[in-house]
There are 2 protein chains.
Amino acid sequence: MKKRPAEKKNTHPEQTKTRASRPRDAAATRRAILDSARRAFARFGYDGVGVRDIAAGAGVTAMLINRYFGSKEELFAEVAVETMATPVILTPEFIASGCPAQTMASALVQLTKPDATPLEGFLIMLRSAASERAAEIGREQIEAHYQKTLSHALRGPHRAERAAVILAMVAGVQMMRQAMGLPALANAKPAALERVLERALGALIDPPE
Amino acid sequence: MKKRPAEKKNTHPEQTKTRASRPRDAAATRRAILDSARRAFARFGYDGVGVRDIAAGAGVTAMLINRYFGSKEELFAEVAVETMATPVILTPEFIASGCPAQTMASALVQLTKPDATPLEGFLIMLRSAASERAAEIGREQIEAHYQKTLSHALRGPHRAERAAVILAMVAGVQMMRQAMGLPALANAKPAALERVLERALGALIDPPE
DNA sequence: GTCTATATAATGATAGAC
DNA sequence: GTCTATCATTATATAGAC
């Protein structure tokens, strides 16, 4: 029976950036590693990438990752914190807008197009949720930057629960549309999907009764 | 600087079932491996467990997994298919019930209690979505057993999109509540959470306009 | 500051005894 | 039908040269 090295990390050989024109710049190297790690974690999750992949994507050797960040786990933590620090959706501004449900629905449809790359913070967490440490980091970031602000921006009863379900809904859509690639979501006509999401989000944003 | 074997698989040493009282029973061994794999994949995802962990949980050696299933991937496929074959929620019966939104909301809150173990099919997929092959298997199962039946049970326009968003919402709640452990969901009062979910689900189930 | 080379451990899968 | 022992590969992390 044949060996089975199918679906290995080599399946996605990130082009090794040469980076020959900028040697010996600590800050730039650090930045390059962080960027490469952000891309890699968003695509393949915490367990799905090795430090070698990340290093290759940054044009350096794996050793430098430990030199600059101590370990893969600490690198992940720094990436996660950085990526989730500035929410691009689910902000108080969205809630404060004239028709928040429609605005959010439109933004969500745009930002989770199958090939789109924004909303990386959530995607990194969704793809890394199996890792205990990754889930812990993500939970703290979500609570600090999303749950709290969103909850405060709402009016009416059950604010915490409604904010959490809005979060869950956004995460679920992104999960099913981008990570799982469910055809009904991935291939949906944007206008129709927007309409459906607007209705559901409205039921969560508008104060009940 | 110390080595860092922290957060390794040994962090969760599934008690090695002795199983000394039932030697040499092919069917029973197969069943034991499947059960152990289901538990393990649901908790730690496809990449998060090794064949050794699964074998130990079944009280056998790792070799038998390859003997009975050929490979870890084939074992996962069989577990995924088996677990998602009989949906416990999101069935046409729920939609056909008198007040589907309330019924589904109540069931969802019950089934995603932080320590609950049902709805394993979805949980396995959510925790394994980073693995390309796992995502593929899950997508097929979700489409076959959830998306299609749910879509057919709905009335009105945009059925496919509404069914998909219902799926995304259920997945998102399970993700945030069970996998991530977001306090606002994990510690929410069941009645309040149920009310909020009922409203959102109603907006998706009830035909618009 | 960055490299090559290596240490150590864990992985999925296999060979052959009983 | 199940085991022990082992292979080949890959993982993260470290040591020391330049």
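Below, chain A is the first sequence line, B the second, and so on; all start at residue 1.
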Rounded to whole Å, how long is the line connecting atom CD1 of B:I33 with atom P of D:dG1? 12 Å
Length of the CG-P vector between B:L64 and C:dA13, whole Å: 14 Å
Counting only N and O atoms by type, is there a donor-acceptor contact under 3.5 Å from the side chain of B:Q178 to the main-chain atoms of B:A116? yes
Would you kindly give the CG-to-P distance between B:D47 and C:dT11, to the nearest whole Å? 12 Å
Side-chain contact check for B:T29: nearest option of C:dA13, D:dT2, C:dT2 is D:dT2
From the options D:dC3, C:dA13, C:dT2, select the nucleotide whose nearest atom is closest to the side chain of B:R52. C:dA13
Counting side-chain heavy atoms from CB outward, which of D:dT2, C:dG1, C:dT11 is closest to B:R67? D:dT2
State which of C:dT2, D:dC3, C:dG12 makes the closest approach to the side chain of B:T61. D:dC3
Please state how far atom CD in A:E73 lies from atom C1' in D:dA11, giving the value in whole angstrom units. 15 Å
In whole Å, I'd like the distance from the CD1 atom of B:I65 to the C1' atom of C:dT11. 13 Å
Protein-nucleotide distance (B:E74, atom CD; C:dA13, atom P), rounded to Å: 9 Å
Taking C-beta and beyond as the side chain, do A:V165 and B:L193 meet within less than 4.5 Å on heavy atoms? yes
B:M63 side chain: which of D:dA13, C:dA13, D:dT2 is closest? D:dT2
Does any donor atom in the side chain of A:S71 or A:E73 lie under 3.5 Å from an acceptor atom in the other side chain? no
Can you tell me if B:Y68 touches the phosphate of D:dT2, counting only side-chain N or O atoms and a distance under 4.0 Å to OP1 or OP2? yes
What integer distance in Å separates A:F44:CZ from D:dA11:P? 13 Å
5′-ward residue of the pair B:A26/B:A62 relative to DNA chain D: B:A26
Can we say B:R39 and B:D35 salt-bridge, meaning some charged N sits less than 4.0 Å from an Asp/Glu carboxylate O? no
Pair B:F76 and B:F69, ring centroids less than 6.0 Å apart: no
How is the base pairing of DNA chain C summarised as a dot-bracket string, given the Watson-Crick and G-U wobble criteria with both distances under 3.5 Å, [ ] for crossing and | for another strand? |||||||.||||||||||
For B:D53 and C:dA9, what is the distance between atoms CG and C1' respectively, to the nearest whole Å? 14 Å
Any side-chain donor paired with an acceptor under 3.5 Å for A:R38 and A:T83? no
Nearest listed nucleotide, side chain of B:N66, among C:dA13, D:dG1, C:dT2: C:dA13
Look at the side chain of B:V60 and decide which nucleotide, out of D:dT2, C:dG12, D:dC3, has an atom nearest to it. D:dC3
Will you find, in the side chains of B:S151 and B:R159, an N or O donor that is under 3.5 Å from an N or O acceptor? no
